Amino acid sequence: MFGAETLDHVAFPVRDLLRAEQFYIEAVGLTFLTQRTNADGSPRHTYVKAGENIIGLNLPGIQTEPSPSGAPRYAVALNSRDHFAATVERIKESGVACTQVREHGERAPIVCSFRFIDFDNNHFEICMPGASLGEIALSHVVFETRDLEKAKTFYDQALGLKSVGEIDDEHYFEFPNHQLLAIKQVDALSDRTKRHGRAVHVAFNVRQEDFDRMLELI
């Protein structure tokens with residue numbers, strides 16, 4: 001089957017690397033992988049893991065407010081109600097700005113979710129997915145778009161993802177392993193989308209035989 005197979009890793013900007021490390025390890029429950037440094041020995045990036053997926057915390061951060069749309073947003077999936085509830089409580093106790101736990105309908109690609117804004121104004125989310133991704137893993141990413149129909153065509157035809165429904169005007173596409181990507185229509189891209197910072201990106205896994213064809217379609 002043609003198309004991107006999984007979400008592999010994501011990276012987003014932080015202004016205080018130690019604070020971000022502690023929050024994502026101690027509150028969210030990710031595990032430390034490694035840290036990269038600049039030539040002078042000062043820290044540059046820290047990499048943490050959600051199961052087999054890597055999340056990069058990158059200096060320098062950007063001075064912008066959280067985006068009004070709630071995107072870009074990164075999400076981690078947890079495998080049980082108990083695990084989810086315990087993580088929600090740790091995040092609430094950390095002092096970040098957060099919303100209430102939300103239950104979604106049976107037809108939604110996500111069973112329940114909990115969104116928050118971290119200390120560096122990044123939108124993040126933990127959830128329980130409709131299909132198991134293991135004990136903990138990247139669940140989904142959400143992007144802004146100014147042209148919803150063009151974006152739908154791109155993720156369908158160039159990346160080969162399958163449309164699986166909507167939540168709050170966010171249009172979700174599914175990878176073969178049940179990870180998700182969503183897009184949300186906005187009138188204007190937020191500063192957090194436009195001023196994304198150094199090394200900020202989202203990466204997908206594709207098969208070697210699909211790679212050249214996907215480059216042409218992109």
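Computation of the quantities below employed the complete heavy-atom set of this structure, encompassing side-chain atoms and omitting hydrogens, waters and symmetry-equivalent molecules. Since we're looking at a predicted model, the values are computed, not measured.
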Do [X] and [Y] have side chains that approach each other closer than 4.5 Å (heavy atoms only, starting at C-beta)?
X: L217; Y: F154; value: no
X: V186; Y: T145; value: no
X: Q35; Y: E21; value: yes
X: T31; Y: V48; value: no
X: F173; Y: K152; value: yes
X: S42; Y: T37; value: no
X: F143; Y: L181; value: yes
X: L57; Y: Y47; value: no

Would a distance-only check, ignoring hydrogens and angles, find a side-chain to backbone donor-acceptor pair under 3.5 Å from [X] to [Y]?
X: E5; Y: N205; result: no
X: D118; Y: D120; result: yes
X: N38; Y: G41; result: no
X: T193; Y: L189; result: no

>> If you apply the rule side-chain contact (heavy atoms from CB on, under 4.5 Å), what do you find for K92 with C98, and how did you get there?
In response: CA-CA 7 Å; K92 286 182 176 179; C98 54; 4.0 Å; yes

> Step by step, would you call V76 with E125 a side-chain contact (heavy atoms from CB on, under 4.5 Å)?
Replying inline: CA-CA 6 Å; V76 164; E125 178 178 1; over 6 Å; no

Atom [atom1] of [X] and atom [atom2] of [Y]: how far apart are they, to the nearest 0.5 Å?
X: C127; Y: H104; atom1: SG; atom2: NE2; value: 8.0 Å
X: R146; Y: I183; atom1: CZ; atom2: CD1; value: 14.0 Å
X: I62; Y: K194; atom1: CD1; atom2: NZ; value: 11.5 Å
X: H201; Y: N58; atom1: NE2; atom2: CG; value: 7.5 Å
X: L30; Y: I25; atom1: CG; atom2: CD1; value: 7.5 Å
X: L78; Y: I126; atom1: CG; atom2: CD1; value: 5.0 Å

>> Tell me whether R90 is salt-bridged to E93, with the criterion being a basic N under 4.0 Å from an acidic carboxylate O.
In response: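 Answer for the salt bridge query: no.
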
Under a 4.5 Å side-chain heavy-atom rule over Ile, Leu, Val, Met, Phe, Trp and Tyr, are [X] and [Y] clustered together?
X: L180; Y: V141; result: no
X: I117; Y: F12; result: no
X: Y172; Y: L161; result: no
X: V164; Y: F2; result: no
X: L133; Y: V88; result: no

Indicate the atoms forming the closest heavy-atom contact of [X] with [Y], along with that distance.
X: L7; Y: N53; answer: O-ND2, 3.2 Å
X: Y74; Y: A11; answer: OH-O, 4.2 Å
X: N121; Y: R192; answer: O-NE, 3.0 Å
X: I55; Y: A50; answer: CD1-CB, 4.5 Å
X: F204; Y: A4; answer: CB-CB, 4.0 Å
X: L138; Y: I54; answer: CD1-O, 4.4 Å

>> Before you tell me yes or no, could you show the steps for S67 and H123 under side-chain hydrogen bond (donor to acceptor under 3.5 Å, both in side chains), namely the whole-Å CA-CA distance, both residues' side-chain angles and the distance that decides it to 0.1 Å?
In response: CA-CA 8 Å; S67 62; H123 288 278; 3.3 Å; yes

>> One pair to check against salt bridge (Lys or Arg N to Asp or Glu O under 4.0 Å): K49 and E135. What are the steps and the verdict?
In response: CA-CA 12 Å; K49 294 189 74 176; E135 183 176 353; over 6 Å; no

Is the closest side-chain donor-acceptor distance between [X] and [Y] under 3.5 Å?
X: T6; Y: N177; answer: no
X: Q63; Y: R15; answer: yes
X: E144; Y: S190; answer: yes
X: R102; Y: S113; answer: no

>> Applying side-chain contact (heavy atoms from CB on, under 4.5 Å) to F84 and C112, what does each step give before you reach the verdict?
In response: CA-CA 9 Å; F84 179 82; C112 60; 3.9 Å; yes

> In this structure, are over 12 heavy atoms from other groups packed under 6.0 Å from Q22 atom CD?
Replying inline: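 More than 12 heavy atoms, drawn from other residues, nucleotides or ligands, come within 6.0 Å of this atom.
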
>> For the CD atom on E103, are there more than 12 heavy atoms of other groups (residues, nucleotides or ligands in this structure) within a distance under 6.0 Å?
In response: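 Yes - once you tally the heavy atoms of other residues, nucleotides and ligands closer than 6.0 Å, there are more than 12.
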
> Among F124, F23, Y24, whose ring pair (Phe, Tyr, Trp, His ring centres under 6.0 Å) with F119 holds?
Replying inline: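 When ring pair (Phe, Tyr, Trp, His ring centres under 6.0 Å) is applied between F119 and each of F124, F23, Y24, only F23 qualifies.
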
> Does the side-chain contact (heavy atoms from CB on, under 4.5 Å) test come out yes or no for N79 and M128, once each step is laid out?
Replying inline: CA-CA 6 Å; N79 68 336; M128 288 190 62; over 6 Å; no

>> Strictly by salt bridge (Lys or Arg N to Asp or Glu O under 4.0 Å), give each pair with a member in residues 169-188 just once, sequence neighbours left out.
In response: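 Salt bridge (Lys or Arg N to Asp or Glu O under 4.0 Å) check on residues 169-188 returns R73-E170, R115-E170, K162-E174.
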
> Do the rings of F114 and F116 sit parallel, tilted or perpendicular, given the 30° and 60° boundaries?
Replying inline: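 Answer is tilted, since the angle falls between 30° and 60°.
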
